[in-house]
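First the structure, in the form of structure tokens, and then the observations on it.
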Amino acid sequence: MTGGERTVAAGVRLGSPAYGSADSAPHGFAVSRSPKATVGFLFAFATLSAPTAWLLPQLTRGYSGLLAQVTGVQTEALGRGSLFFRPFFLTFIVLLGVFTVGRLRARLRMSAAGLALLVSAVLSIDCALAWATLLGAPGPLSLSGSALSSFAGILVVTWVTFRRFRLPRGIRVWRHSRRPLRRRLAPAVVLLGAAAAVWWPLDAWAQGPPDRSAVPVVGRIGSVPLFAMSVTILLAVFQLVRMAWRRRDRSVTPVSVAFLVPAHNEAPAIAECIDSLDAAAERYPGPCRAYIVDNASSDDTAVVAEAALARCRHLRGRVLSCPTPGKARALNVGLREAGERVLVRIDADTVVEPSLLERLLPHFRDDSVGAVGGLALPKRTSSWLGTLRTMEVLYGVGFLRLAQGAVDGLTVVPGMLAAYRRRLLVRLGGFAEGLNGEDADITIRIGRAGYRVVTDPHIRAYTETPRTFGHLREQRLRWTRGLFHVAARHASAIWMGQGLRGIWFLPMAILNGGRRALALPALVYVAAMLALSRGAFELSGQALALGGVVVGLHMFLMVPILLLYRELPRASAVPGYLVFHAFRLYICLETLLSMPVRSGARPSAQPARFAATRRPGETWSFGPGAD
């Protein structure tokens with residue numbers, strides 16, 4: 001098993017849905033649970049929030065008196081305010097221990113450790129703010145003080161998740177490619193330049209007369225999301241301009257290309273996929289070959305694939321067999337057989353444009369590029385879900401990941417459409433098995449090894465979207481769980497300081513995972529507070545904070561992004577995207593409740609000489625063309 005995990009992917013259970021697979025809930029790292037568990041969590045949260053809301057004025061006065069005794073600061077000097085979200089985090093950690101999966105003793109230890117850390121962190125912050133009031137600073141119970149304590153609460157929940165839940169072992173990846181110093185410093189220079197270009201006009205706007213200053217921006221409540229989004233916009237524009245400049249030279253130096261297609265019960269779609277690959281091979285002057293890996297299918301996937309390959313006029317290939325379930329395992333089977341220089345991974349329910357290789361291969365003229373991705377849009381966009389998925393892809397990939405690419409910070413190239421240097425995959429030990437998010441894992445390993453990762457929105461493929469709610473839920477649970485699995489494996493990128501990917505984007509992805517899991521319980525908590533707290537819970541500041549979490553500033557960017565990609569007619573579905581976004585927040589909470597709490601000691605980092613973390617200069621044979 002790649003990556004040093006001690007568990008193996010479980011086989012598909014008899015009677016499981018057609019979309020179920022060994023990747024749905026990897027053995028040891030996830031359990032299949034009924035949606036009733038998450039609904040029960042939210043109901044219990046609402047039940048506990050009601051008395052908390054009713055008693056909030058008394059609790060606030062009691063806590064203010066406690067702070068006065070501990071710090072020696074007079075109660076009047078602490079100012080007026082409320083406990084705001086402090087009880088929310090206490091309740092969340094308690095219920096997390098009740099509703100998660102694992103031995104009772106392990107869950108009790110998890111809740112006790114989380115509560116102890118939360119109380120210590122919040123008290124420390126509030127005491128420091130109480131002393132700071134003597135210098136004229138806002139009090140600990142003010143909106144600013146509560147924002148700091150809420151941030152501490154998010155950090156504590158994130159710590160509980162990664163320290164107490166059973167997650168894949170961490171790995172260390174050393175740099176294999178040494179780029180010139182100017183190339184390594186360029187991402188930081190671009191990021192700092194974008195931040196400076198955004199900071200000054202926003203700060204000047206915020207400091208203007210009250211009648212012209214709409215909201216506080218830099219250095220005030222609400223500053224971070226707006227500032228970060230403004231920087232992201234500037235980076236995305238910069239990357240679009242840079243790609244347009246580089247696309248002036250579209251010449252392609254022919255190299256051998258392998259299409260790698262893992263297929264599990266894909267008989268209805270595999271022929272269309274292979275036909276599209278044949279059309280792409282027709283327009284490419286170099287040799288192309290397809291490796292279709294039948295991954296424990298119970299239908300006629302292999303037969304249909306062989307017939308489709310026999311009809312191809314420009315593409316040659318073969319059907320391989322991988323009887324053990326698991327997409328990463330099937331990918332590694334194909335990787336061992338392929339000897340071509342560039343490997344293009346395609347999902348079996350995906351079709352590509354004929355211009356795929358013409359637009360993809362020029363990126364590999366740069367020896368520092370290790371992986372390339374594009375936009376994987378829905379095949380059928382007439383349905384409501386197809387429209388929402390189109391908007392999700394254009395925002396997430398065509399905007400956010402485009403901006404991340406401007407500073408070499410990409411954390412995932414989705415496996416529906418991804419191209420790699422094959423020799424680099426071999427050096428890194430192939431795809432990680434037995435966990436969710438193998439596409440993000442290999443993307444981060446390629447980046448940590450010193451190679452660039454590129455997302456080009458002009459490279460496009462079209463893939464199926466789930467047609468039932470059950471399939472959509474399974475897909476999103478798998479994707480969201482992949483965030484936690486990959487983040488646990490690559491936490492060492494943070495303390496090893498491996499570029500902006502490790503220093504900034506990976507920590508932000510970890511915090512966003514925790515923030516999204518907290519979003520719907522926070523909505524329940526705010527509703528209870530506003531209804532029952534008898535005026536002790538301010539509406540304005542809390543509504544602004546919650547709106548930023550639930551709605552997100554990205555909703556305001558959706559129409560310009562649709563205009564940029566010539567999809568403006570879909571703008572009428574933007575209000576419906578709010579419902580879809582709320583569903584994704586629900587899935588984040590359900591994902592947290594589907595991961596078991598570990599009972600033993602936290603596993604140490606993976607040994608340094610394992611294949612996936614090989615030092616530069618070490619070799620390992622993985623099949624043909626292993627150089």
Side-chain angles (χ1 to χ4, degrees), residues 48-49 51-97 109-164 216 218-225 507 510-511 514-515 518 521-522 525-526 529 533-542 544-546 548-549:
L48 293 179
S49 296
T52 302
W54 181 256
L55 297 173
L56 190 62
Q58 294 93 318
L59 293 173
T60 299
R61 287 193 296 269
Y63 186 69
S64 181
L66 174 64
L67 285 179
Q69 291 182 1
V70 172
T71 61
V73 179
Q74 295 296 323
T75 306
E76 295 76 11
L78 296 177
R80 297 182 59 187
S82 171
L83 289 176
F84 290 115
F85 276 92
R86 293 171 181 84
F88 164 80
F89 289 102
L90 292 171
T91 306
F92 187 90
I93 292 174
V94 169
L95 288 181
L96 197 61
R109 283 202 302 263
M110 177 187 69
S111 291
L115 289 173
L117 183 59
L118 178 66
V119 170
S120 300
V122 171
L123 275 177
S124 299
I125 292 172
D126 289 344
C127 288
L129 289 175
W131 288 317
T133 58
L134 302 177
L135 302 176
L141 299 182
S142 66
L143 192 58
S144 299
S146 295
L148 288 176
S149 66
S150 296
F151 182 69
I154 295 175
L155 290 177
V156 169
V157 171
T158 303
W159 177 88
V160 167
T161 301
F162 284 93
R163 294 290 298 188
R164 294 291 173 173
V218 179
R220 307 180 187 182
I221 298 296
S223 65
V224 175
I510 293 172
L511 286 176
R515 176 183 62 84
L518 291 165
Y525 180 79
V526 168
M529 292 295 130
S533 66
R534 296 174 290 172
F537 195 86
E538 294 182 7
L539 174 64
S540 58
Q542 301 309 314
L544 178 63
L546 187 65
V549 171

Do any side-chain atoms of residues 114-121 form donor-acceptor pairs under 3.5 angstrom with protein atoms, and if so which ones, sequence neighbours left out?
from : atom 1 : to   : atom 2 : distance (Å)
S120 : OG     : A116 : O      : 2.8

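- For residues 152-162, no residue pair satisfies the salt bridge (Lys or Arg N to Asp or Glu O under 4.0 Å) rule, not counting sequence neighbours.
- The shortest side-chain heavy-atom distance between I125 and F151 does not fall under the 4.5 Å cut-off.
- Residues in residues 125-148 take part in these salt bridge (Lys or Arg N to Asp or Glu O under 4.0 Å) pairs, two or more places apart or across chains: R86-D126.
- When side chains are defined from C-beta on, F92 does not count as touching L48, because their heavy atoms never get closer than 4.5 Å.
- In plain terms, the two heavy atoms of V94 and S111 that are nearest each other are O-OG, 4.0 Å.
- Atom CD of Q69 and atom OG1 of T75 lie 8.5 Å apart (nearest 0.5 Å).
- Looking at every heavy atom in both residues, L518 comes nearest to P521 through O-CD, 3.4 Å.
- The distance from the CG atom of L134 to the OG1 atom of T71 is 8.0 Å, given to the nearest 0.5 Å.
- Listed for the S149 side chain is a donor-acceptor partner under 3.5 Å among the backbone atoms of S146.
- Note on ring orientation: taking the six-membered ring where Trp is involved, the planes of F85 and F88 are perpendicular (angle over 60°, cut-offs 30° and 60°).
- Applying the side chain to side chain donor-acceptor pair (under 3.5 Å) test to residues at least two apart or on different chains, none of the pairs has a partner in residues 129-140.
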For residues 152-161, which side-chain donor-acceptor pairs fall under 3.5 Å, sequence neighbours excluded?
from : atom 1 : to   : atom 2 : distance (Å)
T158 : OG1    : I154 : O      : 2.8
T161 : OG1    : V157 : O      : 2.9

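- Side-chain atoms of Y525 and T91, non-hydrogen and from C-beta on, never get closer than 4.5 Å to each other.
- When all heavy atoms are compared, the tightest approach of R164 to A113 is NH2-CB, 3.7 Å.
- In terms of the ring-ring contact (aromatic ring centres under 6.0 Å, His included) criterion, F89 has no residue partners (sequence neighbours excluded).
- Atom-to-atom distance recorded for S142:OG and F84:CZ is 8.0 Å, nearest 0.5 angstrom.
- Sorted by first and then second residue, the salt bridge (Lys or Arg N to Asp or Glu O under 4.0 Å) pairs involving residues 151-161 (not counting sequence neighbours) form an empty list.
- Annotation: salt bridge (Lys or Arg N to Asp or Glu O under 4.0 Å) contacts involving residues 130-147, sequence neighbours excluded, are absent.
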V73 vs L67, test: side-chain contact (heavy atoms from CB on, under 4.5 Å). Steps then yes/no. CA-CA 8 Å; V73 179; L67 285 179; over 6 Å; no
